[in-house]
Amino acid sequence: MSCAAYLDGNATPKSMSRAKQWTDEVENLYRFQQAGYRDELEYKQVKQVDLIDRWPETGFVKKLQRRDNTFYYYNRKRECEDREVHKVKVYAY
Amino acid sequence: TEGFAFVGTAGSGGLPGEAFSAFCKFYERGDFPNALEHNTKGNKIAWKVQMEKLDYHHYLSLFFDGLCETVTPIRLLHPPGVIPQLIISIKSEALSTRSLHTVCTMLKMLQHLVASGEALVPYYRQVLPILIIFKNMNINLGDGLDYKDAFINIKYLVPTYETCMHN
């Protein structure tokens with residue numbers, strides 16, 4: 001993901017691939033996609049927020065607001081099981 | 001919730017096929033600010049209100065009632081933050097006072113709470129260590145209470161404890 005994508009509030013991804021193995025980044029992408037967003041960038045674009053609520057110990061996303069304004073809460077530890085990893089979409093900008 | 005029948009758990013007093021606990025009834029009535037959602041990634045609870053702003057004075061007793069439920073999907077609905085929230089209050093507002101009267105009152109409340117099941121077990125190590133300061137007050141039962149693992153559990157958290165049972 002290029003720095004320019006972060007600066008441009010309306011960046012759209014150029015390509016998408018599926019995650020091959022679990023990483024911290026994949027875990028967070030899983031959480032954003034579970035809440036109905038592509039990734040952190042889209043969440044910030046849609047919700048117009050600068051900071052995401054995260055667990056301090058792990059850095060994983062803690063709370064997200066969905067498009068219908070309900071809230072999803074996530075665990076401090078890993079939630080994305082190995083069998084779910086290949087469903088996680090990784091977007092490139 | 002169409003298609004779901006919330007069945008009372010065994011021992012809860014409910015007849016088979018009947019929703020029994022207050023938690024079940026309130027959830028079916030839509031009183032809770034949450035809902036269970038199903039998607040391709042599994043079940044997830046969607047909250048209409050942020051949990052930090054939840055009125056625990058109103059909801060706490062209801063959520064505790066739900067802790068006894070073992071039937072899916074009811075057992076998935078109680079918030080993960082309920083017990084940690086309680087433990088914080090128990091530790092900071094009651095046990096840390098080290099006042100005999102306050103600690104005893106809190107222990108009596110805990111006796112009721114543990115009846116809600118195993119949910120409090122992970123928090124024993126946070127709540128019990130303060131009792132070390134009272135261990136030499138020999139008017140208590142110690143490991144004489146009717147629980148076969150009482151001694152080992154007390155010893156784990158109060159290493160200097162010696163049994164009051166004499167064979």
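In what follows, every heavy atom counts, from backbone to side chain, and hydrogens, waters and symmetry copies are set aside. Naming convention: chains lettered A, B, ... in sequence-line order (proteins, then strands); numbering from 1 in each chain.
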Inset, instruction - May I have the step-by-step check of side chain to side chain contact (heavy atoms under 4.5 Å, CB included) for B:W47 and A:Q65, ending in yes or no? - result: CA-CA 9 Å; B:W47 289 86; A:Q65 188 174 27; over 6 Å; no
Legend entry - Joint cluster assignment, A:Y37 & A:Y74, ILVMFWY side-chain distance < 4.5 Å: yes
Legend entry - Single-linkage hydrophobic cluster, 4.5 Å side-chain cutoff, A:V61 and A:V46 together: yes
Flag yes if more than 12 heavy atoms outside [X] fall under 6.0 Å of its [atom1] atom; otherwise flag no.
{"X": "A:R18", "atom1": "CZ", "result": "yes"}
{"X": "A:K47", "atom1": "NZ", "result": "yes"}
{"X": "A:R83", "atom1": "CZ", "result": "no"}

Legend entry - Part of A:R66 lying under 4.5 Å from any heavy atom of chain B: side chain
Legend entry - Contacting moiety of A:E79, where chain B heavy atoms sit under 4.5 Å: side chain
Legend entry - Under 3.5 Å side-chain donor-acceptor pair for B:Q50 and A:Y73: no
Legend entry - Value rounded to 0.5 Å, distance of OG1 in A:T70 from CD in B:E37: 6.0 Å
Legend entry - Pairwise distance OH(A:Y72) to CD1(B:I45) - rounded to 0.5 angstrom: 10.0 Å
